[in-house]
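Here the structure comes first, spelled out in structure tokens, and everything after it is commentary.
Being a predicted model, the structure only gives us computed values, none of them experimental. Per chain, numbering begins at 1; letters A, B, ... match sequence-line order.
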There are 2 protein chains.
Amino acid sequence: MSEPDPSRRNNLSLLTSLVHHHGVLSRAQLTRHTGLNRSTVGTLIGQLVSLGVVYETAPAGEGQVGRPSPEVHPSPSVAALAVNPEIDAVTIGLVSLGGKVQKKIRFETERIPSAREAVNIASAVIAGMRSELDASYRITGIGMAVPGLVNRDDGVVRHAPHLGWRNEPVARMLSEATGYPCLAANDASLGAEAELIFGAGAGQGNLIYLNGGASGIGGGIISDGQLLRGASGYAGELGHTFVRTGGKTCHCGATGCLETEVSQSRLLELAGLTRGDTADLENALANSSSAEVNDEVARQLLYLGIALRNAVNIFNPEAIVLDGFLGTLHALAPTSLNGTLLSQAMDGPAGQVKIYRAALGSDLMMIGAAELAFAQFLADPAGIGTTTAILPAPTSQTG
Amino acid sequence: MSEPDPSRRNNLSLLTSLVHHHGVLSRAQLTRHTGLNRSTVGTLIGQLVSLGVVYETAPAGEGQVGRPSPEVHPSPSVAALAVNPEIDAVTIGLVSLGGKVQKKIRFETERIPSAREAVNIASAVIAGMRSELDASYRITGIGMAVPGLVNRDDGVVRHAPHLGWRNEPVARMLSEATGYPCLAANDASLGAEAELIFGAGAGQGNLIYLNGGASGIGGGIISDGQLLRGASGYAGELGHTFVRTGGKTCHCGATGCLETEVSQSRLLELAGLTRGDTADLENALANSSSAEVNDEVARQLLYLGIALRNAVNIFNPEAIVLDGFLGTLHALAPTSLNGTLLSQAMDGPAGQVKIYRAALGSDLMMIGAAELAFAQFLADPAGIGTTTAILPAPTSQTG
DNA sequence: ATAATATGTTTGTGTATAGAACAATTCATT
DNA sequence: AATGAATTGTTCTATACACAAACATATTAT
């Protein structure tokens with residue numbers, strides 16, 4: 001068997017990615033999207049079906065003239081594992097092609113897990129799922145979403161301040177512990193990617209994703225449909241945008257960072273809450289008539305606005321997606337940020353920006369991390385090098 | 001003639017781009033760079049030669065074992081026109097494949113040119129060159145570098161504050177006046193591209209270019225080898241990064257912009273100069289022992305540092321290229337910016353950044369603008385739809 | 001002078017895509 | 001209910017393209 005042409009690999013990749021992103025597409029739609037000949041699409045889909053990457057179902061009569069086109073679905077048996085260590089838990093997920101979270105296990109920890117502990121927890125949970133995985137899934141790998149600076153090339157966590165990790169080669173550790181290929185990246189970057197593909201930013205080519213959590217503000221930037229990686233994959237740290245002269249010193253060493261001026265803990269405190277549930281916080285803040293609370297909300301929106309106008313001037317995005325308590329802040333006063341952008345950002349870019357609240361909720365990190373492990377697979381669904389066992393098409397066969 | 005395969009177009013594009021960027025490459029080098037078979041490269045180069053895109057010369061005996069490989073050069077007869085309107089002049093250039101500026105005509109204006117005037121000047125100069133162009137060149141089109149917000153999709157200048165232009169469809173105007181297809185973009189973005197391909201940032205995939213001129217600070221960002229465009233091509237406005245709480249109001253509507261805190265005019269004033277020659281300014285500043293001058297230089301470097309640390313955190317670039325008086329500032333105290341970045345930017349990204357001074361000088365805008373017009377050509381050097389149908393056939397045949 | 005090395009050149013082969021002809025399936029019309 | 005129009009799947013064929021192998025050529029090393 002000689003090596004297939006690159007064009008075949010390209011086209012298989014294109015089709016697989018389309019099905020993965022859109023969920024379901026008819027063969028006719030795929031023909032139009034790709035611009036390929038319908039006979040070619042037929043051949044390619046045939047190959048993907050025999051590879052177990054997609055499966056076809058009888059066409060759903062849509063009331064269209066002409067012969068109905070069969071629907072092409074991503075095979076749920078192709079899946080990736082996702083791991084997300086946080087300060088109080090390690091979450092492990094199983095995500096199938098098409099972005100469906102099949103399984104999510106949150107393992108709560110007594111204290112902040114070390115890198116070794118996080119890897120041990122993840123590999124233990126995966127070991128437990130192993131027989132099921134081997135029987136019913138084709139696992140493309142493990143993706144890890146880490147709250148910190150992660151070198152995407154080698155999977156080393158350079159610095160995760162809130163976890164207290166420094167120079168931890170987590171990807172290699174987890175790969176050695178499980179036998180699966182493993183990749184790691186910044187959590188917010190992966191969140192951006194997930195929201196781009198499956199969430200609030202679906203269909204946009206340029207978006208800024210900002211997530212506010214207990215441990216700070218993370219960001220991810222999509223430009224021209226591509227996640228901004230930078231030289232080593234560190235790009236996207238919008239939480240450390242300068243927003244105030246004379247601000248407090250941030251743990252990053254600088255002063256006046258967005259992350260130090262806009263923080264969830266101050267809001268929780270004022271709202272009289274101790275735990276960081278976003279819904280509770282939003283309730284408490286919305287029902288509060290305290291001037292102190294309102295002032296703080298306004299103050300934080302002001303600084304968030306400065307960071308966003310910077311970002312808008314620099315990136316000219318179509319959309320800004322706010323997650324976590326940043327979504328809460330925006331929901332409390334939806335006109336504030338829009339107003340800041342219109343008055344302070346430059347004419348051209350400001351006019352087009354839409355601000356959304358994140359759509360994917362708690363599945364976000366799983367989907368984003370899995371995307372990391374899907375990437376190689378999507379680039380070469382036929383698996384030139386890896387002759388992995390081919391699984392039969394799933395049983396959901398319609399007559 | 002049936003339509004060639006996309007793979008052929010791809011490979012021709014790849015080879016042409018390599019030759020364009022590197023200037024001269026032997027066929028053997030092209031074989032290695034592309035990974036194609038040497039027989040394939042032979043065929044492709046043959047086609048490009050017969051198309052007049054490249055030409056070959058006898059190998060220069062390099063002292064290597066083996067049969068010498070002929071050198072492949074970009075044909076100087078393939079060229080693009082470049083136009084750069086400024087507040088005191090309109091510059092028109094002729095740039096050939098390989099980035100060589102064949103001709104540069106600076107047309108000084110009594111006052112700031114309107115869009116119509118700039119177009120008239122450019123088309124008059126081009127009309128004068130017309131017979132030479134028709135006789136000796138194959139013109140791929142016109143690229144226009146405008147100091148302001150330019151919508152890259154339709155070539156409309158949204159707002160060029162220093163020229164006083166608003167919503168001027170310059171690309172269409174110039175295209176109608178000359179009959180050549182025309183594209184327009186922000187000048188600094190094009191500068192970034194030029195420096196990436198031919199200048200100080202050559203070979204880098206992630207760089208930030210910042211230019212300081214009489215009319216402010218412009219920026220361009222290259223990420224993963226690609227210029228950041230944003231939704232409408234407005235991306236890159238680093239001159240309007242927030243660097244100071246309580247700063248003066250910028251013409252953009254916001255306060256505390258980099259451009260208002262760091263400006264050439266203040267430096268010229270302190271140095272006792274009236275004209276904005278970069279070399280003179282550098283001389284004057286370097287030889288000054290006035291505390292006032294030193295303080296101002298330090299102050300401006302401080303704010304520039306804040307903007308750069310933001311940019312470094314967000315983009316994780318390999319290099320920062322400073323042009324115009326920003327290059328001067330950096331040259332006066334080379335350790336200042338590096339120090340700021342090391343102490344204030346985040347560990348991971350900060351460690352790798354190198355700060356360079358721009359290399360291309362006054363040819364920069366010509367090369368960058370021409371690149372705009374080369375882009376379509378490079379994507380399809382064989383010219384499938386030979387009539388570069390960016391516009392409906394212009395009917396300005398009256399001549 | 002001969003060998004070794006690297007590269008251009010020619011020819012044949014396999015792969016992948018497009019296109020044409022035909023079959024299948026639905027909606028619209030009479 | 002029957003026929004026609006529209007759309008898409010299916011099969012077969014032709015063609016373009018890249019690669020590999022064999023051979024030719026030009027340079028350095030011995």
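The A:Val65 side chain lies nearest to D:dA6 when the options are D:dA6, C:dT7, D:dG9. Picking from C:dT17, D:dT8, C:dT7 the nucleotide with the shortest atom distance to the side chain of B:Ser69 gives C:dT7. Taking the side chain of A:Arg38 as heavy atoms from C-beta on, and the options C:dG19, C:dA21, D:dA21, the nearest nucleotide is C:dA21. Checking C:dT7, C:dA23, C:dT17 against the side-chain heavy atoms of A:Arg67 singles out C:dA23 as nearest.
B:Arg9 has its CZ atom 14 Å from the P atom of C:dT17, to the nearest Å. B:Arg8 places its CZ atom 17 Å from the C1' atom of C:dA18, with the value rounded to the nearest Å. Between A:Arg32 atom CZ and D:dA6 atom C1' there is a gap of 13 Å when expressed in whole angstrom units. Rounded to a whole Å, the CD atom of A:Gln64 is 8 Å from the P atom of D:dT7. One interatomic measurement links the two molecules: CG of B:Leu44 to C1' of D:dC19, which rounds to 12 Å at whole-angstrom precision. Put simply, CZ on A:Arg27 is 12 Å from P on D:dT8, counting in whole angstrom units. The distance from atom CD of B:Gln47 to atom P of C:dT9 is 15 Å, rounded to the nearest whole Å. In this structure, the CG atom of B:Leu36 is 14 Å from the C1' atom of D:dA20, given to the nearest Å.
Within the structure, a side-chain polar atom (N or O) of A:Asn11 is placed less than 4.0 Å from OP1 or OP2 of C:dT17. Using a 4.0 Å cut-off, some side-chain N or O of B:Ser7 falls inside it from OP1 or OP2 of D:dA18. Contact annotation: A:Asn37 does not reach the phosphate of C:dT17 (side-chain N/O to OP1 or OP2, under 4.0 Å).
With rounding to the nearest 0.5 Å, the separation of CG in A:Leu378 from CG in A:Leu97 is 6.5 Å.
Between B:Ser26 and B:Gly66, the one whose closest nucleotide on DNA chain C sits nearer the 5' end is B:Gly66.
Residues A:Arg27 and A:Glu56 are paired through a salt bridge, judged by an N-O separation under 4.0 Å between the basic side chain and the carboxylate. Salt-bridge check for B:Arg229 with B:Asp153: passed, with a basic side-chain N closer than 4.0 Å to an acidic carboxylate O.
Scanning atom types as modelled, no donor and acceptor separated by under 3.5 angstrom connect the side chain of A:Ser39 and the base of D:dG9.
Classification of the B:Tyr55-B:His73 ring pair by plane angle, with boundaries at 30° and 60°, yields parallel.
Other residues, nucleotides and ligands place no more than 12 heavy atoms under 6.0 Å from the CD atom of A:Gln226.
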